[in-house]
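Notes for the one structure printed next.
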There are 2 protein chains.
Amino acid sequence: MYTIKEVAEKMEVSEHTLRFWAKSGFFPFVKRNENNIRQFSDNDLEWVRIVKCLRSVGTENKAIKKYIDLCIKGDSTISERYQIILDTKEKALQQMEELKQQLAVLDYKENFYKNLIKNNLQDSWNPMNKINLQDAAV
Amino acid sequence: MYTIKEVAEKMEVSEHTLRFWAKSGFFPFVKRNENNIRQFSDNDLEWVRIVKCLRSVGTENKAIKKYIDLCIKGDSTISERYQIILDTKEKALQQMEELKQQLAVLDYKENFYKNLIKNNLQDSWNPMNKINLQDAAV
DNA sequence: TACAACCTGATAGTTACTCTCAGTCAAGTG
DNA sequence: CACTTGACTGAGAGTAACTATCAGGTTGTA
């Protein structure tokens, strides 16, 4: 059993956010002790994990709540939940592609500046070196 | 030369967002024609491209503005800009790692549900099949 | 007795859009 | 010449998902 602080550390989510998620109904099975303090079980951590996963892929909280509710509803919703996972995976793969493309842009920029720096140093004695530099290049 | 609409289509950014970015000072060199209409050059598209890239990696608009201003300032800021690109790349790579981890979570869930469905179908004639299903599994 | 750690609720602030008006201008078409 | 289209402007509200701050409350430990 873990306190909210321990969960925050373990799962790398702020306590604030965990409470916010709890209030949003994302952790319906977290028990409280006699002092009303949340006691996260290992299974509860699984819920945190999946919420974190869905969020980090950009799933809206409304949609997460829907998924959570399906989980609560039980077996009859398994195939629906399965489909959500598949869709989410698809989305994640698209994000991966997007990220790769942006990394290519950054690689290009890196080289662009590398060359700029190299030429700048080489030609710094040359009064004509300005010619090689573009005006306000991005 | 492109109108804002053409840029929006070409770069897959909404006109709204382009105007918002323009107002934020992200495209300092976009010319206007005699009717005050923005005329994006090919070089301006490069600015759109880099802004889009920085944004999609999570760079804040404030930081983007800073980068843009360094670009405007010219040669003296090249190494500083180079460093920003390197840092951004680092951030992007971290995001890639994070995404991979979350994909692993999703893969696990996919299998989890796949098995659940398989067993469910197999045992559907069996009154004991409930035993195999966890209560409110995520 | 102070403190740290948990709780609650309310409220305000943040970022980056996103959308909706409302009104203006200019070009092209029937 | 009216009309539609597409561009522009500014103002202002709405949105998501936190994030932070405050106030007030309980409990267990040093």
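In what follows, every chain begins at residue 1, and chains take the letters A, B, ... in the order their sequences are listed. Just so it is clear, the values below take in all heavy atoms, side chains as well, and ignore hydrogens, waters and symmetry mates.
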B:Tyr2 side, atom OH; B:Lys10 side, atom NZ - distance, nearest 0.5 Å: 4.0 Å
Rounding to an integer number of Å, can you tell me how far [X] [atom1] sits from [N] [atom2]?
X: A:Tyr2; N: C:dC6; atom1: OH; atom2: P; result: 15 Å
X: A:Ile4; N: C:dA4; atom1: CD1; atom2: C1'; result: 16 Å
X: A:Lys5; N: C:dC7; atom1: NZ; atom2: C1'; result: 14 Å
X: A:Gln39; N: C:dC6; atom1: CD; atom2: P; result: 11 Å
X: B:Asn36; N: D:dG10; atom1: CG; atom2: C1'; result: 14 Å
X: A:Glu15; N: C:dT8; atom1: CD; atom2: C1'; result: 14 Å
X: B:Phe40; N: D:dC8; atom1: CZ; atom2: C1'; result: 13 Å

Reading 5' to 3' through nucleotides 17-30 of chain D, protein heavy-atom contacts under 4.0 Å coded B for base, S for sugar-phosphate only, - for none: SBSBB-----SS--
Touch class at under 4.0 angstrom, heavy-atom based, for A:Ser24 against every strand present: nothing
Ionic contact status for A:Glu9 with A:Lys5, cut-off 4.0 Å: no
Test: B:Asp69 and B:Lys65 ion pair at under 4.0 Å: yes
Under 4.0 angstrom between B:Arg38 side-chain N/O and D:dA7 OP1 or OP2: no
B:Arg19 side chain near D:dG6 phosphate (N/O to OP1/OP2, under 4.0 Å): no
Per A:Arg32 side chain, nearest of listed nucleotides D:dA7, D:dC8, C:dC7: C:dC7
Cationic tip of B:Arg55 above B:Phe26 ring, under 6.0 Å, 45° of axis: no
Ring-face cation of B:Lys109 near B:Phe112 (centre distance under 6.0 Å, axis angle within 45°): yes
Beyond-backbone contact of B:Val7 with B:Val13, side-chain heavy atoms, under 4.5 angstrom: no
NZ (A:Lys89) with more than 12 external heavy atoms under 6.0 Å: yes
